[in-house]
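Proteins come first, then strands; the chains are lettered A, B, ... in the order of their sequence lines, and each starts at number 1. All heavy atoms count here, side chains included; hydrogens, waters and symmetry mates do not.
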Amino acid sequence: MTTGKIRVRFAPSPTGLLHVGNARTALYNWLFARRAGGVFVLRIEDTDLERSEARYESQLIEDLRWLGLDWDEGPEGPNVTEKGAYGPYRQSERLKIYAGLTEQLLAEDKAYRCFCTPEELAAEHQLAIKQHGPQVYSGRCRRLSPETVEKNLAAGMPFAVRLKIGMEPLRFRDIVRGAVEFAPEAVSDPILVRSAKEGEPGMPVYNYVVTIDDALMKITHVVRGDDHISNTPRQVAIYKAFGWPVPEFAHLSTILGADRERLSKRHGATSIATFREMGYLPEALVNYLGLLGWGAEDGKTEIFTLAELTRAFTLERVTPSPAIFDFEKLNWLNRHYIKLASHERLTALARDYFGGMLPAKDAARDDVEAWFARLVRLFAPSVDHLDQLPAKTSFVFGFDHEAARARAENAEVLAADSARTVLTELANRVRSHSAWVTPEVFKAWLNDIKAATGVNGKELFHPVRIALTGMQSGPDFDKLLPLIEDGAALGLPVTSVQSRVEQFVGV
RNA sequence: GGCGCUAUCGUCUAGGGGUUAGGACGUGAGAUUCUCAAUCUUAAAACACGGGUUCGAUUCCCGUUAGCGCUACCA
C-alpha cells in the first residue's frame with residue numbers, strides 16, 4: 001500500500017501545554033519516520049478558535065525542539081515561516097481547500113444535504129435510547145427527492161452536508177491492533193459540513209478536515225491516540241468517497257494516572273513544559289516515553305538515547321494496552337541522565353533554582369559561579385530532578401542550630417553520653433583554631449577525639465554531622481567542609497564550620 | 001444503552017501450546033560507607049474469571065467481568 005516515501009504527521013491543537021501523551025505520540029511518529037527515512041510533518045490544528053492560542057503554538061514548537069524532535073515540514077518558529085510542499089500547515093489557513101472538495105462530493109452524489117433540525121435529531125436520539133438501539137442518524141434526508149431539496153434550498157433552509165455511508169463494513173489496518181472492522185450501520189451518515197449560520201459559511205467538521213489534510217499531505221501512516229479509533233471508520237469512508245488511498249493506522253494507548261484514570265494535572269506534572277521546569281532532562285523524558293508502551297526486542301534493554309531508540313523502534317512492538325505513568329521510573333531515568341550530564345550543563349540548568357540564595361549572576365564573580373558548580377557537582381547525583389537542589393542544599397546556606405537540636409530524629413543521637421563528650425571535645429578544638437577548617441585539620445581533630453574519648457564510628461560521626469549540618473546524612477566531609485568554608489570565605493550566605501560548632505554547642 | 005479497544009509481578013514490559021514465565025522501576029535483606037545517595041549481591045512479587053479446542057493452555061477461540069474510548073452540526 002505504501003509506495004514511495006513514508007510520511008507521518010503530528011497534528012496537535014495549540015489549546016494548552018504539550019501533554020506527555022501527545023509528546024509520546026509525537027515521539028513515536030518521529031521515531032517511525034526517522035528510522036524509515038521518511039518525512040515527519042508538523043501540522044497545527046488550530047481550527048478551534050475559541051481555545052487555540054498563538055502562545056501555545058510557540059510553546060509547542062519549543063517543547064518539541066527541547067525533546068530533540070525536528071520536523072521536515074510544518075511551521076518554522078513562532079510566527080515565522082513554513083517549510084514543505086504540502087502547506088499551509090496551519091489548519092486555519094486551509095479552510096478554502098475544503099469547500100471545493102465538498103462541492104465535488106455533492107456533485108458526485110457521494111454526499112447530500114441534510115435539512116434536519118437539531119430538535120428532530122434530538123428526538124431521533126431519544127427514541128434510539130429508549131429502544132436500546134444504536135444512536136445513529138436515520139438517513140432520512142438521504143432519501144429526499146431532488147425537487148424537495150430544490151424547494152428547501154430556495155426557501156433558504158439551513159443544511160448540513162452528510163456523507164453517504166455504503167453497505168460494506170469499514171475496515172482498516174491498525175499496526176498496533178491488527179485488523180479492525182466496523183459495521184456501516186454503526187457509523188451512519190456522518191456530518192461533513194455544519195449548517196451555515198447567519199451568512200457564515202458552513203464549517204467543516206474535524207473528522208472531515210483531518211482526513212482531507214492527511215490525504216492531501218500524502219500521509220501514509222496515521223499514528224495517533226487510541227481515542228481516535230472510533231473516528232477512524234468515518235475517516236476511512238471519506239477516503240473511499242474521494243477515491244484516495246487509505247493510510248495505515250497505529251493507535252497508541254492512553255496514558256493513565258496511578259488511579260487508572262486518564263493522566264491529568266490531578267496526578268501531578270503532565271506537560272512537557274512542567275517537567276522541564278522541574279529539572280527533568282529531555283533525554284530522560286524521551287527514554288521514559290519510549291518505554292511507556294513499547295519494549296525493546298531483547299525484552300531487557302531500558303536505557304536508550306534518542307539515536308538508539310531510532311534504531312530500535314518499530315510500531316509493531318508498540319503495546320496496545322493502556323499504560324500507567326510511573327513517576328518513580330522516570331525519576332530513576334532522570335537520575336541516570338543527571339549522572340551522565342556534563343557539569344557545565346547541570347550547573348547552568350541548576351542556576352535558575354538558586355535565585356534567592358546566591359547573588360545575581362555576575363561575570364565579575366567567577367569565583368562564586370565556580371563555587372556553585374562544585375555545589376551542584378556534589379549534590380546533583382542525589383536528586384531526582386534539579387528543582388530539588390535548593391532544598392537538598394539548604395543546610396549549606398543557612399544553619400539553624402536550634403532546629404538541628406529540635407529535630408526529633410536527632411534526639412537519640414544527641415542524648416548519648418558519648419555524643420556530649422565528642423561535641424565538647426570538638427568545640428574545644430574549634431575554639432582554639434582561628435583559620436578555616438580544612439579537611440586535613442578536621443580529620444586530625446576527629447582522630448584526636450577518637451583517641452581521647454575512645455568513641456568511634458557512628459557514635460563519633462553522627463553527632464559531629466548533626467552539629468555541622470543538622471542532619472544525620474549528607475555528602476562526605478572531605479567534600480562538604482571545603483564547600484562550606486569556601487562559601488563562607490566568598491562572602492556568600494554560608495555559615496562557616498567554626499560558627500556552626502560554636503552555635504550548636506554554645507559558647 | 002449501542003459500538004469499539006484493552007487485560008502477564010504494585011508499575012512498565014518480554015515471552016509464547018509443554019519455560020524454574022525473563023528484564024526494569026519500586027519494595028525487603030545483605031555488602032560497602034560516619035550517614036545518605038550511589039554501587040554490587042540477593043529476596044518476595046504476575047499470566048482477571050468461566051467455558052471450549054488440545055495429550056497439554058498463561059499462550060488459540062468464545063463468553064463474563066473490569067477499565068478505557070467513541071457514541072455532537074467538539075477537536
Side-chain angles (χ1 to χ4, degrees), chain A residues 11-13 15 45-48 50-52 91 114 116-118 121-122 125 128-137 158-162 174 176-177 180-183 185-188 190-197 202-207 209-210 225-234 251 253-254 256 258-262 288 291-303 317 319-333 335-336 339 378-379 381-383 392 413 446 456-466 469 471-477:
Chain A
S13 301
T15 55
E45 309 227 320
D46 57 352
T47 37
D48 186 350
E50 313 264 295
R51 294 189 290 154
S52 293
Q91 214 162 55
C114 173
C116 293
T117 63
L121 262 13
H125 191 83
I129 290 176
K130 209 184 286 174
Q131 294 175 168
H132 303 289
Q135 297 161 35
V136 294
Y137 178 59
F159 63 88
V161 177
R162 286 186 189 269
D174 191 304
V176 178
R177 291 151 214 275
V180 185
E181 181 176 312
F182 285 78
E185 55 273 18
V187 177
S188 81
I191 301 248
L192 261 23
V193 182
R194 299 182 185 87
S195 52
K197 286 195 195 72
M203 282 288 285
V205 123
Y206 167 81
N207 276 301
V209 169
V210 256
D226 68 355
D227 46 335
H228 289 288
I229 288 183
S230 301
N231 289 329
T232 309
R234 247 167 280 170
H251 286 106
S253 67
T254 320
L256 309 175
D259 55 2
R260 303 206 152 269
E261 304 257 354
R262 239 195 158 91
Y288 180 69
L291 256 26
L292 195 64
W294 174 85
E297 197 150 10
D298 66 3
K300 291 191 163 89
T301 313
E302 307 265 343
I303 303 289
R317 293 190 62 81
T319 336
S321 53
I324 293 174
F325 194 92
D326 184 359
F327 289 89
E328 287 303 328
K329 189 151 185 176
L330 205 215
N331 286 344
W332 167 69
L333 247 8
R335 278 183 251 127
H336 172 80
K339 277 171 217 141
L378 190 56
F379 286 92
S382 63
V383 101
K392 197 87 184 175
V413 175
L446 288 191
N456 196 6
K458 232 177 183 166
E459 283 69 38
L460 173 64
F461 278 87
H462 258 169
V464 171
R465 186 173 277 284
I466 291 172
T469 69
M471 287 181 290
Q472 297 183 46
S473 64
D476 290 345
F477 285 132

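- The residue A:Leu333 sits apart from the nucleic acid: no heavy atom pair falls under 4.0 Å.
- The structure places CG of A:Asp226 at 3.5 Å from OG1 of A:Thr254, a figure rounded to the nearest 0.5 Å.
- Taking 3.5 Å as the limit, the base of B:G69 and the side chain of A:Thr254 contain no donor-acceptor pair of atoms between them.
- Side chain of A:Thr319 to main chain of A:Ser321: no donor-acceptor pair is present (N/O by atom type, distance under 3.5 Å, no hydrogens or angles).
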Protein N or O to nucleotides 60-66 of chain B N or O, pairs below 3.5 Å:
none

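- Within the 4.0 angstrom heavy-atom criterion, no nucleotide atom of any strand lies near A:Gly225.
- If you check B:C49 for Watson-Crick or wobble pairing at under 3.5 angstrom, you find it paired to B:G63.
- The salt bridge (Lys or Arg N to Asp or Glu O under 4.0 Å) test applied to A:Arg465 returns no partner, not counting sequence neighbours.
- Rounded to the nearest 0.5 angstrom, A:Asp46 CG and A:Arg51 CZ are separated by 12.5 Å.
- Note on A:Ser253: nothing from the nucleic acid sits closer than 4.0 angstrom, heavy atoms only.
- In the set B:G26, B:A72, B:C3, the nucleotide with an atom closest to the side chain of A:Trp332 is B:G26.
- When the C1' atom is compared between B:G28 and B:G10, the two are found 14 Å apart, to the nearest whole Å.
- For B:A21, there is no paired nucleotide, since no Watson-Crick or G-U wobble pair has both relevant distances below 3.5 Å.
- As rounded to whole Å, 10 Å separates atom P of B:A14 from atom CH2 of A:Trp294.
- Note: CZ (A:Arg317) to C1' (B:C12) measures 14 Å, nearest angstrom.
- Atom CG of A:Asp227 is separated from atom P of B:C70 by 6 Å (rounded to the nearest Å).
- For A:Arg51, no side-chain nitrogen or oxygen approaches OP1 or OP2 of B:A75 to under 4.0 Å.
- Taking the side-chain contact (heavy atoms from CB on, under 4.5 Å) definition, one finds that A:Ile324 meets it with A:Leu256, A:Arg260, sequence neighbours left out.
- One finds the OG atom of A:Ser382 at 9.5 Å from the NZ atom of A:Lys339 (value rounded to the nearest 0.5 Å).
- Between the side chain of A:Ser195 and the base of B:C73, at least one donor-acceptor pair of N or O atoms lies under 3.5 Å.
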Can you give me the N/O atom pairs linking the protein to nucleotides 33-38 of chain B at distances under 3.5 Å, or say none if there are none?
| unit_1 | atom_1 | unit_2 | atom_2 | d |
| --- | --- | --- | --- | --- |
| B:C34 | O2 | A:Arg465 | NE | 3.4 |
| B:C34 | N3 | A:Arg465 | NE | 3.4 |
| B:C34 | N3 | A:Arg465 | NH2 | 2.8 |
| B:C34 | N4 | A:Arg465 | NH2 | 2.9 |
| B:C34 | N4 | A:Phe477 | N | 3.4 |
| B:U35 | O2' | A:Gln472 | O | 3.0 |
| B:U35 | O2 | A:Gln472 | O | 3.4 |
| B:U35 | O2 | A:Gly474 | N | 2.6 |
| B:U35 | O2 | A:Gly474 | O | 3.2 |
| B:U35 | N3 | A:Arg465 | NH2 | 3.3 |
| B:U35 | N3 | A:Gly474 | O | 2.7 |
| B:U35 | O4 | A:Asp476 | OD1 | 2.7 |

Any protein N or O atoms within reach of nucleotides 6-11 of chain B? Criterion: under 3.5 Å, listing atom names and distances.
| unit_1 | atom_1 | unit_2 | atom_2 | d |
| --- | --- | --- | --- | --- |
| B:U11 | OP1 | A:Arg260 | NH2 | 3.2 |

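- How far CG of A:Asn331 is from OH of A:Tyr288: 10.0 Å, rounded to the nearest 0.5 Å.
- A:Glu261 contributes no side-chain N or O that forms a donor-acceptor pair with the base of B:G67 under 3.5 Å.
- Looking at residues two or more places apart in sequence or on another chain, you find a side-chain contact (heavy atoms from CB on, under 4.5 Å) between A:Ala323 and A:Leu292.
- The nearest whole Å value for the distance from the NE2 atom in A:His228 to the C1' atom in B:C3 is 18 Å.
- Residues forming a ring-ring contact (aromatic ring centres under 6.0 Å, His included) with A:Tyr137 (at least two apart in sequence, or on another chain): none.
- Atom pair A:Lys300:NZ and B:A24:P shows a separation of 9 Å (rounding to whole Å applied).
- Residue A:Thr232 holds its OG1 atom at 8.5 Å from NE2 of A:His228, rounded to the nearest 0.5 Å.
- Listed by chain and number, the residues in a side-chain contact (heavy atoms from CB on, under 4.5 Å) with A:Glu45 are A:Ala11, A:Ser13, A:Arg43, A:Gln91, A:Tyr206, A:Val210 (sequence neighbours excluded).
- If you check B:A38 for Watson-Crick or wobble pairing at under 3.5 angstrom, you find it has no partner at all.
- Nucleotide B:A43 forms a Watson-Crick or G-U wobble pair with B:U27, both donor-acceptor distances falling under 3.5 Å.
- Heavy atoms of A:His125 sit under 4.0 angstrom from primed sugar atoms or phosphate atoms, though from no base atom.
- Pairing of B:G69, defined by two Watson-Crick or G-U wobble distances under 3.5 Å, is identified with B:C3.
- Within the model, atoms CD1 of A:Ile191 and CG of A:Asn207 stand 11.5 Å from one another, a figure rounded to the nearest 0.5 Å.
- Using a 4.0 Å heavy-atom cutoff across all strands shown, A:Ile229 reaches sugar-phosphate atoms only and no base atom.
- Remark: C1' of B:A24 and CG of A:Leu330 are 14 Å apart, rounded to the nearest angstrom.
- Of all non-hydrogen atoms in A:Val176 and A:Asp174, the two that sit nearest each other are N-OD1, 2.9 Å.
- A distance of about 12 Å separates the C1' atoms of B:G26 and B:C9, rounded to the whole Å.
- Residues meeting the side-chain hydrogen bond (donor to acceptor under 3.5 Å, both in side chains) test with A:Ser253, sequence neighbours left out: none.
- On the P atoms, B:U42 is 13 Å away from B:C25, given to the nearest whole Å.
- In this structure, A:Phe327 atom CZ and B:C12 atom P are separated by 13 Å, rounded to whole Å.
- Under the Watson-Crick and G-U wobble criteria, each requiring two contacts below 3.5 Å, nucleotide B:U33 is left unpaired.
- B:U58 makes up no base pair with any nucleotide shown, lacking Watson-Crick or G-U wobble contacts both under 3.5 Å.
- The backbone N or O of A:Ala296 lies less than 3.5 Å from a partner atom in the side chain of A:Arg317, making a donor-acceptor pair.
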Taking only N/O atoms, report every protein-nucleotides 41-49 of chain B pair under 3.5 Å with atom names and distance.
none

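- Qualifying side-chain contact (heavy atoms from CB on, under 4.5 Å) partners for A:Glu261, counting only residues two or more places apart in sequence or in other chains: A:Asp259, A:Arg266, A:His267.
- Each of A:Phe182 and A:Glu328 was assigned the nucleotide of RNA chain B with the nearest heavy atom; the assignment lying further toward the 5' end belongs to A:Phe182.
- Put simply, CG on A:Asp226 is 13 Å from P on B:C68, counting in whole angstrom units.
- Within 4.0 Å (heavy atoms only), A:Cys114 reaches no atom of the nucleic acid at all.
- Evaluation of the ring-ring contact (aromatic ring centres under 6.0 Å, His included) rule for A:Phe477 yields A:Phe442 as partners, not counting sequence neighbours.
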